[in-house]
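Report on one structure; see the data block that follows.
Computed from a predicted model, the values in this text were never measured in an experiment. Each chain gets a letter, A, B and so on, in the order its sequence line appears, and its residues count up from 1.
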Number of protein chains: 2
Amino acid sequence: MLLQTRPSDSVLAVHDRLYRTLRTQVMHGELDPGVALTLRGIAKRFGVSMTPVREALRRLVAEGALSMSASGRVTTPELSNERIEELAAIRALLEPELASRALPRAHFALIERLQTINTANAEAVAKQDAVAYIRTNLEFHRTLYLRAQAPAMLAIAETVWLQLGPTMRALYTRLRRNEPPPHHRMILAALKAGDEPGLRLAVRADVTQGLRHLAG
Amino acid sequence: MLLQTRPSDSVLAVHDRLYRTLRTQVMHGELDPGVALTLRGIAKRFGVSMTPVREALRRLVAEGALSMSASGRVTTPELSNERIEELAAIRALLEPELASRALPRAHFALIERLQTINTANAEAVAKQDAVAYIRTNLEFHRTLYLRAQAPAMLAIAETVWLQLGPTMRALYTRLRRNEPPPHHRMILAALKAGDEPGLRLAVRADVTQGLRHLAG
DNA sequence: CATGCCTAGGTGTGATCACAAAGCTGCGGC
DNA sequence: GCCGCAGCTTTGTGATCACACCTAGGCATG
């Protein structure tokens, strides 16, 4: 009825706002696997029409954040064990490379920020807050990888995180962790020492651990 | 006006048909870099309304096949040299792994099919047909990687091919090739010999070659 | 009591329209 | 001659609607 379209308005189009909101929810594990999302339901929830909702969902489906049945129903993905292991293998391939590329540019300020994030991560563990745990964990990795100056590679890694989002929630609430990820300290140590092979190993161990023994 | 929506109709919804058509065109290098695509233009070209076109384009943008300006204009991407090198590095990381996983399942029938594809590739070279060259080249790789039983990894590799599509066209028409890619024979030889390290090397060399010295 | 039909609600899809912003053309002023 | 601005055109965005399909649930029939 009234205004729409505001490319210069701060930054966001409606479909883009929806996309970012839903993407964050999926990646941080705020949604369980197998949850159905309907166009009209989301449209009503955000007070918009179906059109921008469709675009946001289509975009998320394209990235693998959501899955779509043959009839067009959109749900959060329920991954098979094979798929989870494959995604873990992709992380094990990409993320050591990203870390290695970030290493030469990892100065003290960065390591300090990583330690701060790691502290917040430990707090999330203490509070048994799965979503905060996943969020701070991913933030730790993204903050490091941003230094790699490899946007396409980072984007692919984030896509993988997206696909794992709902599963991570189910996983981390199942095997209630009582301690922060041990490999983060190894990563920090390797960064300080400038130890490239050690860094690759630590990152690989970190992203693999937890996803390896799932026994769905 | 009349019927729409046909989930059971053979297979395709309109937006899906558009998506596949455009995706193929981009991946095979049928479009030059920097070409603008308008919603109404494509809608008219395919005789449909803007709605399904928007979904198809949004999907392709999400996969990096097309890029979108701040104002929402959609064009084929013009990649910087840094971006091209990064994408080549991703290929060099992913594809040897895919080949390695395919190796144990690469029986004679597969190798024979690869040789057939390679012959078609050589014909494309002889005809100076850039699109056919790119198509058969990608088909060679995809046929091999399909045996890896790693759909997520293959999907990522295809996304990278997509992003390189328009650039590949510009590249291969520039440095007019007069012989088929030399490493394909090495890949076939390594497959026959069951030589895993040799296969990794050959694949890495194949995907890197050509993209390395671009000097845009 | 079981089984089949059939109606009603819900869902995705595609067309159409109103609107605002961006791009473009050409005219005028400096 | 060059710059700038006004107006028109083009373009993307979002809302709304009609329609086909799918799913349940109830009712009648065997």
Side-chain angles (χ1 to χ4, degrees), chain A residues 1-23 26 31 34-78, chain B residues 1-23 26 31 34-78:
Chain A
M1 210 76 63
L2 326 173
L3 42 140
Q4 64 258 26
T5 314
R6 60 211 80 165
S8 50
D9 251 36
S10 47
V11 267
L12 288 313
V14 172
H15 67 86
D16 213 71
R17 182 170 56 89
L18 293 176
Y19 165 74
R20 289 169 205 261
T21 302
L22 294 173
R23 180 185 141 107
V26 171
L31 278 56
V35 171
L37 300 177
T38 64
L39 294 180
R40 288 172 177 82
I42 296 177
K44 180 171 290 186
R45 174 145 69 95
F46 287 91
V48 297
S49 81
M50 290 165 45
T51 314
V53 175
R54 253 202 294 183
E55 296 192 33
L57 288 189
R58 190 74 64 190
R59 196 167 158 190
L60 289 164
V61 169
E63 294 179 4
L66 300 173
S67 55
M68 194 162 135
S69 74
S71 65
R73 310 305 245 278
V74 172
T75 61
T76 50
E78 299 180 280
Chain B
M1 214 78 61
L2 326 172
L3 43 141
Q4 65 257 26
T5 314
R6 60 211 78 165
S8 48
D9 250 35
S10 45
V11 266
L12 287 313
V14 172
H15 66 85
D16 215 70
R17 181 170 55 88
L18 293 176
Y19 165 75
R20 290 170 205 259
T21 303
L22 294 172
R23 180 183 139 105
V26 171
L31 278 55
V35 171
L37 301 176
T38 65
L39 294 180
R40 287 172 177 84
I42 296 177
K44 180 171 290 184
R45 174 146 67 97
F46 287 91
V48 298
S49 81
M50 289 164 43
T51 314
V53 175
R54 256 203 291 185
E55 298 194 32
L57 288 188
R58 190 75 63 189
R59 198 168 157 189
L60 289 164
V61 169
E63 293 178 3
L66 299 173
S67 56
M68 192 163 131
S69 74
S71 64
R73 309 304 246 276
V74 172
T75 60
T76 49
E78 299 179 280

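On a pure distance criterion of 3.5 Å, a polar donor-acceptor pair joins the side chain of R40(A) and the base of dG12(C).
OP1 or OP2 of dT13(D) sits under 4.0 Å from a side-chain N or O of R58(B).
Contacts between residues 49-56 of chain B and DNA chain D, defined by a heavy-atom separation under 4.0 Å, are made by M50(B), R54(B). DNA chain D lies under 4.0 Å from no heavy atom of any residue of residues 62-69 of chain A.
Note on the helix from dC1(C)-dG30(D) to dC30(C)-dG1(D): angle between the axes of the first and last five pairs equals 10°, rounded to 10 degrees.
Applying the salt bridge (Lys or Arg N to Asp or Glu O under 4.0 Å) rule to pairs touching residues 66-75 of chain A yields nothing, sequence neighbours excluded.
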Name the atoms and distances for all side-chain donor-acceptor pairs under 3.5 Å in residues 41-59 of chain B, with sequence neighbours left out.
from, atom 1, to, atom 2, distance (Å)
S49(B), OG, T51(B), N, 3.4
R54(B), NH1, E55(A), OE2, 2.9
E55(B), OE1, R58(A), NE, 2.7
E55(B), OE1, R58(A), NH2, 2.5
E55(B), OE2, R54(A), NH1, 2.9
R58(B), NE, E55(A), OE1, 2.7
R58(B), NH2, E55(A), OE1, 2.5
R59(B), NH1, D16(B), OD1, 3.1

**OP:** Could you give me the CA-CA distance, side-chain angles and deciding distance for R17(A) and V14(A), then say whether side-chain contact (heavy atoms from CB on, under 4.5 Å) is met?
**Re:** CA-CA 5 Å; R17(A) 182 170 56 89; V14(A) 172; 4.2 Å; yes
Original post:
Step by step, would you call L66(A) with T76(A) a side-chain contact (heavy atoms from CB on, under 4.5 Å)?
Top reply: CA-CA 5 Å; L66(A) 300 173; T76(A) 50; 3.8 Å; yes
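Nucleic acid contact for V48(B): sugar-phosphate only, since backbone atoms but no base atoms lie under 4.0 Å from a heavy atom of the residue. When heavy atoms are screened at a 4.0 angstrom cut-off, L18(B) is found touching no nucleic acid atom at all.
P77(A) and G64(A) make their closest contact through CG-O, 4.4 Å (heavy atoms, listed as atom of the first residue, atom of the second, distance).
Following rounding to the nearest Å, I42(B) (CD1) and dA15(C) (P) show an atom-to-atom distance of 14 Å.
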